[in-house]
Amino acid sequence: LMVLVEACMSLPTKLPSMDDVIKLNVGGTFFVTTRGTLCAEDGSMLATKFGIDSPFAPPVEYEGGVFLDRNPDVFKHVLDYLRNECKFVGQLPGNEILSKMAAEADYFGLKALVRACTLTETKVKVKKEEK
């Protein structure tokens with residue numbers, strides 16, 4: 001019994017936190033962010049997968065990061081959106097990137113980002129036609 005108690009006491013006691021740093025391997029490119037950033041949009045696949053109370057097993061790491069088989073050139077824009085409290089900040093990406101972002105957002109279940117990309121893409125198109 002004493003051995004069992006000692007074994008339990010030596011287990012890590014740190015509980016998952018929204019401040020936990022998570023390293024992602026997205027299509028071979030590494031990104032480092034927090035659990036809170038990945039969970040910024042409630043109900044998304046990322047929030048479900050990385051949430052503290054996730055019903056899924058902890059994500060499997062591959063070559064030093066949680067592997068996501070997605071396009072890193074597009075994912076960086078998705079991650080910036082999540083890091084900025086689910087808002088576009090700074091210069092907006094062009095329509096080609098917005099279109100790809102909408103597809104990535106749809107894959108990750110980021111419904112607000114899908115809407116934002118679609119609305120922004122329409123506004124950019126209208127502005128170009130006005131010139």
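Both backbone and side-chain heavy atoms feed into the values below; hydrogens, waters and symmetry mates do not. One-based numbering along the sequence shown.
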Only distances under 3.5 Å count here; give the side-chain donor-acceptor pairs of residues 21-29 to other protein atoms, sequence neighbours excluded, each with its distance to 0.1 Å.
| unit_1 | atom_1 | unit_2 | atom_2 | d |
| --- | --- | --- | --- | --- |
| N25 | OD1 | G28 | N | 2.9 |
| N25 | ND2 | Y62 | O | 3.4 |

Worksheet entry | Side-chain touch T33/L79, heavy atoms, less than 4.5 angstrom | yes
Worksheet item: Under 4.0 Å between a Lys/Arg side-chain N and an Asp/Glu carboxylate O for E104 and K100?
Response: no
Worksheet item: When you look at V89 and Y81, which way does the side-chain contact (heavy atoms from CB on, under 4.5 Å) test go after all the steps?
Response: CA-CA 8 Å; V89 176; Y81 171 84; over 6 Å; no
Worksheet item: Run the ring pair (Phe, Tyr, Trp, His ring centres under 6.0 Å) check on F75 and F108 step by step: do they pass?
Response: CA-CA 10 Å; F75 184 78; F108 288 119; 5.8 Å; yes
Practice prompt. Work out which heavy atom in L82 is nearest to a heavy atom in T37; give both atom names and the distance.
Written response: CB-O, 3.6 Å
Discussion item. If you take the centroid of each ring, where Trp contributes its six-membered ring, are F67 and F30 closer together than 6.0 Å?
Written reply: no
Item to complete: Please report the shortest heavy-atom distance between M101 and C117, naming the atom on each side.
Response: CB-SG, 3.6 Å
Worksheet, complete the sentence: What one should report as the nearest heavy-atom pair of K76 and F31 is CB-CE2, 3.7 Å
Discussion item. Between the side chains of E41 and K111, is the shortest nitrogen-to-carboxylate-oxygen separation below 4.0 Å, so that they form an ion pair?
Written reply: no
Fill in: Test item: C39 and M18 side chains (from C-beta on) under 4.5 Å apart, heavy atoms
yes
Worksheet item: Taking the side chain as C-beta and beyond, is there a heavy-atom pair between D106 and L113 under 4.5 Å?
Response: no
